[in-house]
Amino acid sequence: MRCPFCGNVDTQVKDSRPAEDNVAIRRRRFCPACGGRFTTYERVQLRDLVVVKTSGRREDFDRAKLERSIRIAMQKRPIDPERIDQMISGIVRRLESLGDTDIPSKVIGEIVMETLARIDTVAYVRFASVYKNFQAADDFDKFVSELRPGTVEE
C-alpha cells in the first residue's frame, strides 16, 4: 500500500481488526520512510458497478461518494456512526445483489431514500431535498405533508 504522505510503496501493517460488523477489515499502517501512520479499510467487492445517470452518462460506482451524501444528510443527527457504516454497507450489498452491473442512479437514490426513511426522518427529508431537487419552500411543505399520516390534501 502506497504511503499517502511520501508515496513510499513499502508500508507495514501494524494492526488489523474487523470493522463494520465484520464486513470490512480495518488496518493501521506505518511508513518506515517518513514515519507516517494511516488507516485503510479492506472490503469484499462482489462486482464492479457502473452508475447510469439520467443523462445517459456512465461512471464507476463510488462508495465514498455515496457515503459522503449520506453523512451530509445525517449530519448532527443522533445516529451512531457505526449504524451509518452498517447502513452504507447494506446499501452497497443490495446494489451488488441486484444482478446487473449497470445501475440507474434513480435506483440508487430510491434505495437510499427508503433506507433513510426507516432510520431518521430528518435525514430522509434532507436527502430528498437534494435528490428531488427542491427549488422552494413549497416543495418541502408538500413533501413533508406527504409524510404525515392522516393528512388529506384539499
Side-chain angles (χ1 to χ4, degrees), residues 1-135 139-140 143-144 147:
M1 175 68 62
R2 183 180 303 275
C3 173
F5 306 112
C6 71
N8 180 25
V9 293
D10 293 324
T11 59
Q12 301 170 354
V13 175
K14 290 296 181 188
D15 179 45
S16 290
R17 66 178 67 165
E20 299 174 21
D21 254 4
N22 292 317
V23 297
I25 297 174
R26 177 184 185 270
R27 298 192 195 281
R28 285 294 295 155
R29 294 179 178 268
F30 170 77
C31 176
C34 72
R37 293 180 180 271
F38 58 100
T39 303
T40 60
Y41 288 88
E42 184 178 312
R43 293 180 181 83
V44 171
Q45 184 173 334
L46 297 176
R47 58 185 69 185
D48 291 330
L49 299 176
V50 175
V51 179
V52 181
K53 302 287 193 172
T54 51
S55 67
R57 198 177 89 241
R58 301 161 55 86
E59 64 182 51
D60 291 338
F61 175 77
D62 184 359
R63 179 190 171 99
K65 188 174 178 181
L66 173 69
E67 184 174 345
R68 259 190 322 275
S69 65
I70 290 173
R71 288 197 186 278
I72 288 169
M74 298 287 238
Q75 200 169 22
K76 296 185 181 179
R77 299 301 303 149
I79 308 295
D80 183 36
E82 182 81 13
R83 177 76 170 106
I84 296 171
D85 291 338
Q86 291 171 357
M87 180 184 80
I88 293 165
S89 292
I91 291 169
V92 172
R93 278 194 306 276
R94 190 167 162 192
L95 293 172
E96 289 175 335
S97 67
L98 289 175
D100 194 4
T101 56
D102 292 358
I103 314 263
S105 59
K106 181 178 170 90
V107 170
I108 297 170
E110 294 300 325
I111 289 173
V112 171
M113 296 254 306
E114 175 187 312
T115 307
L116 284 173
R118 289 193 310 258
I119 293 175
D120 188 84
T121 310
V122 172
Y124 171 65
V125 172
R126 285 178 178 170
F127 187 86
S129 70
V130 175
Y131 175 66
K132 294 186 178 276
N133 197 21
F134 291 178
Q135 298 294 316
D139 297 335
F140 281 96
F143 185 78
V144 170
L147 292 176

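If you're wondering where the values come from, they're calculated on a predicted model, not measured in any experiment.
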Novice: Do any side-chain atoms of residues 3-12 form donor-acceptor pairs under 3.5 angstrom with protein atoms, and if so which ones, sequence neighbours left out?
Specialist:
unit_1: Asn8; atom_1: OD1; unit_2: Asp10; atom_2: N; d: 3.2
unit_1: Asn8; atom_1: ND2; unit_2: Asp10; atom_2: O; d: 3.4
unit_1: Thr11; atom_1: OG1; unit_2: Met1; atom_2: O; d: 2.7

Novice: Using every non-hydrogen atom in the two residues, find where Phe127 and Gly109 come nearest and quote the distance to one decimal.
Specialist: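 Smallest heavy-atom distance, with atoms named: CE2-O, 4.0 Å.
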Novice: Quick one about Thr40 and Arg27 (side-chain donor to acceptor, distance below 3.5 Å, no hydrogens or angles considered), yes or no?
Specialist: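 Judged by distance alone, the side chains do not pair up.
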Novice: Between Tyr41 and Ala19, which heavy-atom pair has the shortest distance, and what is it?
Specialist: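 Smallest interatomic distance, heavy atoms only, reads CE2-CB, 4.1 Å.
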Novice: Measure the CG-CZ distance between Asp15 and Arg28 for me, rounded to the nearest 0.5 Å.
Specialist: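 Between atom CG of Asp15 and atom CZ of Arg28 there are 8.5 Å.
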Novice: Rounded to the nearest 0.5 Å, how far does CZ of Arg26 lie from CZ of Arg17?
Specialist: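 It comes to 5.5 Å.
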Novice: Rounded to the nearest 0.5 Å, how far does OH of Tyr131 lie from CD1 of Ile108?
Specialist: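 The OH atom of Tyr131 is 9.5 Å from CD1 of Ile108, to the nearest 0.5 Å.
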Novice: Which is it for Asp60 and Leu49 under the side-chain contact (heavy atoms from CB on, under 4.5 Å) test, yes or no, and what are the steps along the way?
Specialist: CA-CA 6 Å; Asp60 291 338; Leu49 299 176; over 6 Å; no
Novice: Given the rule in the side-chain contact (heavy atoms from CB on, under 4.5 Å) test, do Val52 and Ile103 qualify, once you have shown the distances and angles that lead to the verdict?
Specialist: CA-CA 6 Å; Val52 181; Ile103 314 263; over 6 Å; no
Novice: With sequence neighbours left out, which residue pairs that include part of residues 83-124 fulfil the ring pair (Phe, Tyr, Trp, His ring centres under 6.0 Å) condition?
Specialist: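 Those involving residues 83-124 are Tyr124-Phe143.
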Novice: For Asn22 and Pro18, indicate whether the former's side chain and the latter's backbone hold a donor-acceptor pair under 3.5 Å.
Specialist: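 No, because the side chain of Asn22 does not come within donor-acceptor range (under 3.5 Å) of the backbone of Pro18.
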Novice: So, taking the atom named CD1 in Ile88 and the one named CD1 in Ile70, what distance separates them when rounded to the nearest 0.5 Å?
Specialist: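 Rounded to the nearest 0.5 Å, the CD1-CD1 separation comes out at 4.5 Å.
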Novice: Determine the minimum heavy-atom distance between Arg63 and Ser89, stating which atoms define it.
Specialist: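 Closest pair (atom of Arg63, atom of Ser89, distance): NH2-OG, 3.1 Å.
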Novice: If you round to the nearest 0.5 Å, how far is CD1 of Ile91 from CE of Met87?
Specialist: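 Separation between the atoms: 4.5 Å.
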Novice: Could you pull out the closest heavy-atom pair between Ser105 and Val51, with the gap in Å?
Specialist: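 Smallest interatomic distance, heavy atoms only, reads CB-CG1, 3.9 Å.
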Novice: Holding to side chain to side chain donor-acceptor pair (under 3.5 Å), I want the full list of residues that pass it with Arg37, two or more places apart in sequence or in another chain.
Specialist: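 Testing Arg37 for side chain to side chain donor-acceptor pair (under 3.5 Å), a comparison that skips the adjacent residues, returns none.
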Novice: For the backbone of Gln75 and the side chain of Arg126, can you confirm whether one donor and one acceptor N or O come within less than 3.5 Å of each other?
Specialist: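 Flag set: sc Arg126 to bb Gln75 pair under 3.5 Å.
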Novice: Measure the spacing between CZ of Phe61 and OG1 of Thr101 and express it to the nearest 0.5 Å.
Specialist: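 OG1 of Thr101 is found 13.0 Å from CZ of Phe61.
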Novice: Using side-chain contact (heavy atoms from CB on, under 4.5 Å) as the criterion, list what pairs up with Ile79, not counting sequence neighbours.
Specialist: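 If we apply the side-chain contact (heavy atoms from CB on, under 4.5 Å) test to Ile79, skipping adjacent residues, the hits are Met74, Arg77, Arg83, Ile84, Ile119, Asp120.
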Novice: Excluding sequence neighbours, so at least two apart, what forms side-chain contact (heavy atoms from CB on, under 4.5 Å) with Ser55?
Specialist: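 Expected list: Lys53, Arg57.
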Novice: What pairs of residues pass the salt bridge (charged side-chain N to carboxylate O under 4.0 Å, His left out) test when at least one of them lies in residues 101-119, not counting sequence neighbours?
Specialist: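 Sorted pair list: Arg58-Asp102, Arg94-Glu114, Glu114-Arg118.
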